[in-house]
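Notes follow once the structure below has been shown.
Reckoned from all heavy atoms, side chains included, excluding hydrogens, waters and symmetry mates. Here is how names work: the chains are called A, B, and so on, in the same order as the sequence lines, proteins then strands, and each is numbered from 1.
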There are 2 protein chains.
Amino acid sequence: MNPTMRDVADYARVSPMTVSRTLRDDPSVAPEKRSRVLAAVAALGYRRNEAARTLRVGGSTKLLGVVITNIANPFYAQLALGIEDHADKRGMRVVFANSGENTDRERQLVQDFAARRLDGIIAVPAANQHDHLDPAGLAAVPVVLAASPPHRINVDAVLLDDFGGTYEATSMLIARGHRNIGFLGLPAATWTGSERYRGYVAALEAAGLAVQDRFVRRNQPHVAAAVEAANAILDQPDPPTAVFAANNRNTIGAYRAIRSHGGTTALAGFDDFDFADLLDLPLIVVSYDAREIGRVAAELVCGHIDNPSSSPLARRVVIPTKVIDYPNAAS
Amino acid sequence: MNPTMRDVADYARVSPMTVSRTLRDDPSVAPEKRSRVLAAVAALGYRRNEAARTLRVGGSTKLLGVVITNIANPFYAQLALGIEDHADKRGMRVVFANSGENTDRERQLVQDFAARRLDGIIAVPAANQHDHLDPAGLAAVPVVLAASPPHRINVDAVLLDDFGGTYEATSMLIARGHRNIGFLGLPAATWTGSERYRGYVAALEAAGLAVQDRFVRRNQPHVAAAVEAANAILDQPDPPTAVFAANNRNTIGAYRAIRSHGGTTALAGFDDFDFADLLDLPLIVVSYDAREIGRVAAELVCGHIDNPSSSPLARRVVIPTKVIDYPNAAS
DNA sequence: CGCGACTCTGGTACCGATACCATCGCCGGG
DNA sequence: CCCGGCGATGGTATCGGTACCAGAGTCGCG
């Protein structure tokens with residue numbers, strides 16, 4: 001068994017209280033006893049049990065829970081870095097869990113986080129159903145959403161300008177003369193999915209162009225499905241001369257499909273990625289600072305941790321997007 | 001304050017013990033009281049305090065700690081997925097922390113994990129100094145290393161065939177007629193760094209070629225530094241006709257440098273990545289199943305959790321590598 | 001020299017849940 | 001009819017720390 005505080009106390013011939021105080025840096029411990037305690041700690045390899053401490057002190061596990069939909073997406077790695085940036089400053093650790101874009105699993109995960117009494121939760125919801133993310137049902141653990149505004153619950157959120165970014169990139173395709181533009185999207189049940197679609201439609205309408213449903217596919221869960229969907233669009237008679245892809249998975253899929261079709265279709269997509277400027281076809285991407293999203297989300301959730309009464313603010317922070325044009329002149 | 005078990009007991013007019021038993025699915029609770037308890041739980045929004053439970057039961061936080069060097073590297077996202085695959089099966093959660101390739105921070109993180117009494121730790125060490133990763137100094141929390149064998153401590157490890165993969169890829173460059181081959185590596189103080197360099201040297205020597213130090217750079221912490229190092233190699237008189245890059249960061253850096261030098265230098269690198277087949281220059285990569293590394297590491301650490309006596313096995317599992325040739329014919 | 005004030009230390013109870021043992025009521029067999 | 005046995009329930013101590021309060025010792029000042 002691991003040594004306990006009492007073991008240290010016995011070894012140092014003091015009371016457990018003196019040990020506790022020493023480890024809490026309480027100034028009211030005589031230097032001599034203090035050093036005896038520290039020597040005992042070293043000799044026994046003692047380590048304070050944080051679970052017990054948490055229980056007594058009545059809170060603060062110093063853990064921040066993060067529920068995301070898909071770790072494999074590099075967007076989330078950046079988000080994680082941003083959250084860690086801020087958590088570190090406060091001596092907090094970050095617990096990750098992957099919902100796999102499944103709301104049931106998401107519910108299970110946040111329940112588990114609440115039972116563990118994590119100090120706060122940052123969630124990227126898998127769908128528009130958010131009842132299970134209400135702090136009221138989660139032992140009052142503060143919740144902040146990322147990439148999606150809350151639906152029928154009252155929490156803060158950090159958002160992207162999904163509509164604006166898509167609108168701008170689609171408009172750029174239109175400005176270059178494209179009149180038939182395909183769309184590879186995300187499920188309409190997600191905020192991101194509906195907003196990006198809305199941006200696409202608005203840009204077309206602003207230019208007096210009609211949305212053609214035969215050029216629209218909205219549910220590709222992985223790259224292979226995106227390739228297939230893009231092929232289906234490009235194989236039609238009188239195919240579009242450009243495609244907008246609503247996230248990195250779809251952009252990659254579309255890229256592969258376009259390349260295998262001769263590479264003459266223009267492509268724009270949401271989410272920047274590492275190699276966007278090294279590809280062998282031109283590309284427009286909607287870029288944003290994913291790390292900043294994490295940082296802001298962590299700040300917001302820590303604000304609620306410090307000041308539990310401030311729950312019902314429901315703030316929204318919108319992170320701007322920037323359209324980047326990679327000409328990628330075939331060398 | 002959150003409701004406690006006593007509150008539930010009062011509400012349901014039973015003793016706390018009956019509530020505890022009900023929530024533990026103990027069969028010896030009469031159906032009628034059982035349903036009264038469940039009703040009270042629902043009415044009060046009660047949630048069992050896992051910290052208290054852990055304290056009493058004396059262990060099992062059901063948390064697995066993962067210390068990695070750099071979350072932004074997609075390799076770790078796959079590793080994380082593999083770990084989660086296995087952890088999930090056992091109802092465990094995963095706590096992540098980023099050491100930033102800093103051994104002091106790594107020490108601090110594992111100490112913190114031990115103090116929290118996590119059930120196990122999986123670490124990708126930042127350097128060859130492993131004393132702080134010895135379970136003996138960590139409240140006997142089982143430790144498994146990934147991507148590096150233990151140095152002077154006695155723990156299991158999941159390894160990559162760093163030497164073999166590098167040897168094979170370098171040999172492929174030689175087989176294609178290259179005689180001067182540059183090397184962009186990792187710090188010699190890391191296992192991965194020294195093994196991959198060893199593989200490079202061995203392949204050259206097996207072909208009767210000499211290692212030329214002027215073509216070797218071994219410490220690029222990020223892509224920008226890798227670009228610079230690659231430029232420095234390529235700008236020399238009589239430059240190499242091929243380069244081997246020891247990880248994805250260096251491969252990307254080398255790729256950018258080669259491209260800006262006209263794209264005539266051949267390139268091979270360790271780590272596959274998403275767009276390797278979509279670039280506009282040919283490329284050879286050493287590929288492996290990163291997710292499998294995580295899965296195996298989780299299995300090993302769970303083995304020790306189940307059977308704490310089996311500590312001193314010091315098993316090694318080696319995950320094979322596969323060389324992939326992306327011709328990337330400029331379309 | 002006496003007394004309050006201040007410093008340091010230890011005893012005790014308690015955070016929330018559960019292991020252990022005692023108790024109570026009920027049943028059937030002798 | 002009495003007693004052993006069993007199923008259901010509750011009381012109590014405990015896990016490892018820490019808040020709170022009490023007590024011992026020291027010092028300075030009137």
Go through Ile121(B) and Val144(B) one step at a time and tell me if the side-chain contact (heavy atoms from CB on, under 4.5 Å) criterion holds.
-> CA-CA 6 Å; Ile121(B) 295 176; Val144(B) 168; over 6 Å; no
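- Rounded to whole Å, atom P of dT18(D) lies 12 Å from atom CG of Asp25(A).
- The distance between atom CG of Asp7(B) and atom P of dG16(C), rounded to the nearest whole Å, is 8 Å.
- Between the CE atom of Met5(A) and the P atom of dT14(D) there is a distance of 17 Å, rounded to whole Å.
- Ranking dG10(D), dG11(C), dC15(C) by closeness to the Leu55(A) side chain, first place goes to dC15(C).
- If you check every strand for non-hydrogen atoms under 4.0 Å, Arg34(A) touches nothing.
- With hydrogens and angles left out, the side-chain atoms of Tyr46(A) and Thr4(A) include no donor and acceptor closer than 3.5 Å.
- Side-chain N/O atoms of His151(A) and Asp131(A) include no donor and acceptor closer than 3.5 Å.
- Closest-nucleotide positions on DNA chain C for Met17(B) and Pro27(A) were compared, and the one nearer the 5' end corresponds to Pro27(A).
- Atom CD of Glu32(A) is separated from atom C1' of dT7(C) by 15 Å (rounded to the nearest Å).
- If you check every strand for non-hydrogen atoms under 4.0 Å, Val19(B) touches nothing.
- Nearest to the side-chain atoms of Ala30(A) among the listed nucleotides dT9(C), dG17(D), dG11(D) stands dT9(C).
- Of all nucleotides listed (dG16(C), dG16(D), dT9(D)), dG16(D) comes nearest to the side chain of Thr4(A).
- Going from atom CZ of Arg24(B) over to atom C1' of dT9(D) covers 17 Å, rounded to whole Å.
- Phosphate contact (OP1/OP2 of dG17(D), side-chain N/O of Tyr46(A), threshold under 4.0 Å): present.
- With rounding to whole Å, Arg6(B) atom CZ is found 11 Å from dG11(D) atom C1'.
- Distances were taken from every side-chain heavy atom of Arg48(A) (C-beta onward) to each of dT12(D), dA17(C), dG17(D); the shortest belongs to dG17(D).
- Looking at every heavy atom in both residues, Ile305(A) comes nearest to Arg90(A) through CG2-NH2, 4.2 Å.
- Using a 4.0 Å heavy-atom distance criterion, Arg21(A) is classed as a base contact.
- Rounded to whole angstrom, the span from the NZ atom of Lys33(A) across to the P atom of dG25(D) amounts to 12 Å.
- Side-chain nitrogen and oxygen atoms of Thr18(B) include at least one within less than 4.0 Å of the OP1 or OP2 phosphate oxygen of dG10(D).
- Nearest-nucleotide positions on DNA chain C for Pro31(A) and Ala51(B) put Pro31(A) closer to the 5' end.
- Of the N and O atoms on the side chains of Gln129(B) and Arg152(B), not one donor lies less than 3.5 Å from an acceptor on the other residue.
- Picking from dA19(D), dA17(C), dT9(C) the nucleotide with the shortest atom distance to the side chain of Ser28(A) gives dT9(C).
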Tell me, with the steps shown, if Lys89(A) and Asp85(A) meet salt bridge (Lys or Arg N to Asp or Glu O under 4.0 Å).
-> CA-CA 7 Å; Lys89(A) 288 187 200 155; Asp85(A) 278 350; over 6 Å; no
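- Taking every side-chain heavy atom of Arg56(A) into account, dC15(C) is the closest of dC15(C), dG10(C), dT14(D).
- Distance CG (Leu23(A)) to C1' (dG16(D)): 12 Å, rounded to an integer number of Å.
- Among the nucleotides dG17(D), dA17(C), dT12(C), the one closest to any side-chain atom of Asn49(A) is dG17(D).
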